[in-house]
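What follows is one structure encoded as structure tokens, with my remarks underneath.
Order of the sequence lines sets the chain letters (A, B, ...), proteins ahead of strands, with each chain counted from 1. When reading the values below, keep in mind they use all heavy atoms of this one structure, side chains included, and skip hydrogens, waters and symmetry mates.
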2 protein chains.
Amino acid sequence: MKDVAAQAGVGLKTVSRVVNGEPGVTPETERRVRAAIEALGFRRNDSARVLRKGRTATVGLVLEDLADPFYGPLNRAVEEVARAHGALLINGSSAEDPDRERELALALCARRVDGLIVIPAGNDHRYLEPEMRAGVATVFVDRPAGRIDADVVLSDNFGGARGGVAHLIAGGHRRIGFIGDHPRIHTATERLRGYRAAMAEAGLPVAGSWVSLGSTEPGRVAPAARAMVTGPEPVTAVFAGNNRVTVTVVRVLASLRRPVALVGFDDFELADLLRPGVTVVAQDPAALGRVATDRLFQRLAGSVLTPTRTELPTRLVPRGSGELPPAD
Amino acid sequence: MKDVAAQAGVGLKTVSRVVNGEPGVTPETERRVRAAIEALGFRRNDSARVLRKGRTATVGLVLEDLADPFYGPLNRAVEEVARAHGALLINGSSAEDPDRERELALALCARRVDGLIVIPAGNDHRYLEPEMRAGVATVFVDRPAGRIDADVVLSDNFGGARGGVAHLIAGGHRRIGFIGDHPRIHTATERLRGYRAAMAEAGLPVAGSWVSLGSTEPGRVAPAARAMVTGPEPVTAVFAGNNRVTVTVVRVLASLRRPVALVGFDDFELADLLRPGVTVVAQDPAALGRVATDRLFQRLAGSVLTPTRTELPTRLVPRGSGELPPAD
DNA sequence: CTGAAAGCGCTTACAG
DNA sequence: CTGAAAGCGCTTACAG
């Protein structure tokens with residue numbers, strides 16, 4: 001910028017004015033400055049600008065896995081809202097590791113993102129308190145923050161699961177299994193609670209062998225599903241706690257002679273093309289991202305004061321697998 | 001930092017030493033500095049650091065759509081390589097719009113990313129020449145750069161398509177259709193070229209009605225597919241130019257009475273669960289991202305000088321749909 | 001309409 | 001082992 005000023009024979013401030021489109025520059029002066037910019041290939045350094053201005057026009061997003069299709073629409077929605085506010089997006093994967101989540105979130109804060117959106121991997125977010133006090137707007141999505149009071153945007157995990165299981169019960173099922181994620185994950189326990197509520201409301205018992213929580217790796221889910229449908233008290237229907245579980249369960253059920261009903265939490269591409277189509281409790285991941293980022297910018301604008309909790313509805317999408325009658 | 005120095009009764013440089021773990025500080029001095037950091041809630045401002053050091057430890061990634069499952073693994077692979085080099089990732093979607101690609105890429109350069117990975121939407125990247133001259137390491141992925149000489153990492157689109165079509169021909173098909181993306185997209189024309197090469201090598205004619213290029217919207221692809229399988233010279237097999245086309249074609253073929261064979265470019269989740277399983281020419285999107293980012297850091301390390309073109313192999317995955325015999 | 005000075009929060013190069 | 005000064009490339013607040 002100094003070079004441009006010298007070449008154009010003007011002061012630094014005048015170059016700054018031209019670059020930022022501020023008023024108060026003669027057309028002739030502006031022309032000279034622009035010519036110098038062109039000749040020298042000048043490109044404004046936003047890092048310096050940021051240092052002086054305070055705000056970075058950047059939003060940080062910590063999610064579980066950039067490669068997970070479930071988070072794609074959420075990621076894109078955050079980007080779009082940020083873009084509408086002139087902000088760029090820095091994101092990264094926690095890989096479901098609380099330490100990595102922390103490391104990444106703090107690295108983003110050190111870059112002075114204006115706001116931070118976190119899909120928590122850990123259960124203790126007190127490490128973010130100093131950052132939040134220092135003015136980093138922070139919103140948690142998909143799972144609530146641990147041990148701090150903060151904005152959070154969730155799906156109705158409890159209600160969605162309860163509705164999905166009630167749908168199976170209404171179809172005549174009395175022995176229904178639940179296969180879900182690790183119990184340390186909030187969504188997993190909420191959905192399990194929904195399952196238990198629906199069973200209890202129908203006066204149905206839940207055998208211990210009908211509930212299986214743990215890793216969503218096919219290597220764990222497949223045997224669990226097989227045991228449930230072939231054990232001494234075989235279930236006639238399975239409720240799958242999330243999309244990865246659902247996919248594995250579909251594979252297991254496809255290999256059975258006897259039809260077993262299935263409802264899965266989370267929608268996924270091609271669910272309607274399978275035979276039977278897979279009935280799901282659908283969330284709206286794009287809406288999660290959109291609502292969370294809107295909240296973030298409201299906070300940055302100073303219009304939100306106390307932390308709020310927003311719960312987005314889910315939607316039951318019947319496609320066939322959840323409407324299969326009990327095999328017995 | 002000034003406040004910390006004052007509180008600890010030391011100089012600025014000593015605080016800097018402690019914060020950066022540099023040697024040459026008495027344990028006692030370090031203790032005092034750390035106590036002051038704790039008390040004041042000091043957090044180093046990386047923007048200032050960046051301004052002084054020159055490098056930002058940031059990689060920019062411009063892709064088509066953060067929500068597209070095809071780019072998820074690529075995105076994650078770029079992140080992992082960047083992370084291994086201590087760099088963060090800023091990314092964004094071009095939405096297949098050349099102007100938006102340009103705007104985003106230049107915004108990333110203004111933030112002084114050390115390197116830029118671009119999945120091109122446009123065909124003219126001369127706008128990046130000043131940036132590249134100024135030292136921004138740039139690598140193009142999936143499609144080559146337009147009108148500039150730059151590193152590029154591609155899949156073997158031509159060879160993959162040729163192999164997929166040859167597979168159909170080997171299965172006895174003689175009338176094969178091709179449904180692909182817009183002809184302005186490099187991958188689309190390369191794959192079409194592969195299709196034509198395979199047909200020519202087998203001495204097979206290609207009727208004009210067997211080739212359809214354009215938007216990958218279901219609203220365009222579905223009628224095109226229907227016309228191809230029901231026209232006066234109906235095809236007995238379809239080669240789908242990418243994953244989005246494949247999915248729509250699967251839907252169309254599922255509604256037919258007569259079986260039509262299908263091979264699709266790009267693998268996708270659950271392709272093996274459909275009936276029949278969908279035979280695909282698989283790329284390795286994670287490898288594209290990994291190789292490109294490795295190249296980027298080689299360039300930053302100064303060990304790459306001339307632009308290189310890397311082509312990654314594809315893999316034919318037979319699952320049933322590509323092995324259906326001709327219906328007639 | 002224009003510009004000189006100070007400062008954003010760090011690091012570099014140097015001196016003690 | 002420690003620190004004062006200069007500077008990274010901008011913008012702010014002010015004066016002319």
**Asked** How close or far is atom C1' of C:dT11 from atom CG of B:N20, stated in whole angstroms?
**Response** 8 Å

**Message:** Could you tell me how far apart B:K2 (NZ) and D:dA4 (P) are, to the nearest whole angstrom?
**Reply:** 13 Å

**Message:** Under a 3.5 Å threshold, yes or no: a donor from one side chain and an acceptor from the other, between B:S47 and B:N45?
**Reply:** yes

**Message:** I want to check something: taking the side chain as every heavy atom from C-beta on, are B:V141 and B:V152 in contact at a cut-off of under 4.5 Å?
**Reply:** no

**Gap between atoms CZ and P, on B:R17 and C:dT12 respectively (whole Å)** = 11 Å

**Item:** Sugar-phosphate, base or nothing in reach of A:R44, heavy atoms under 4.0 Å
**Value:** sugar-phosphate

**Request:** Assign B:D46 to base, sugar-phosphate, or nothing according to its heavy-atom contacts below 4.0 angstrom with the strands shown.
**Result:** nothing

**Prompt:** In whole angstroms, how far is the P atom of D:dC1 from the CZ atom of B:R32?
**Reply:** 15 Å

**Asked** Paired with D:dC1: which nucleotide, if any, by Watson-Crick or G-U wobble criteria at under 3.5 Å for both distances?
**Response** C:dG16

**Fill in**
Rounded to whole Å, the CZ-P distance (A:F42 to D:dC8) equals 14 Å

**Message:** For a quick check of understanding: with a heavy-atom distance under 4.0 Å over all strands, which category does A:S47 fall into, base, sugar-phosphate or nothing?
**Reply:** nothing

**Asked** Given C:dG3, is OP1 or OP2 found less than 4.0 Å from the side-chain N or O atoms of A:T14?
**Response** yes

**Message:** It should be established whether B:K53 places a side-chain nitrogen or oxygen under 4.0 Å from OP1 or OP2 of nucleotide C:dT12.
**Reply:** yes

**Prompt:** Do any side-chain nitrogens or oxygens of B:S16 fall under 4.0 Å of OP1 or OP2 in C:dC10?
**Reply:** no

**Request:** Could you verify whether a donor N or O on one side chain and an acceptor N or O on the other, from B:E103 and B:Y127, lie under 3.5 Å apart?
**Result:** no

**Prompt:** In whole Å, what is the span from the CZ atom of B:R52 to the C1' atom of D:dA5?
**Reply:** 11 Å

**Prompt:** Checking all strands, does A:V19 fall into the base, sugar-phosphate, or nothing category for heavy-atom contacts under 4.0 angstrom?
**Reply:** nothing

**Message:** Tell me the interatomic distance from B:E22, atom CD, to C:dC10, atom C1', rounded to whole angstroms.
**Reply:** 12 Å

**Prompt:** Hey, which of these two, B:L12 or A:K13, hits DNA chain D nearer its 5' end, going by closest nucleotide?
**Reply:** B:L12

**Item:** Pair B:R49-B:N20, side-chain donor/acceptor within less than 3.5 Å
**Value:** yes

**Message:** Under 3.5 Å, is there a donor on one side chain and an acceptor on the other for B:R295 and B:T308?
**Reply:** yes

**Prompt:** Can you check the A:N45 CG to C:dC8 P distance for me, whole Å?
**Reply:** 18 Å

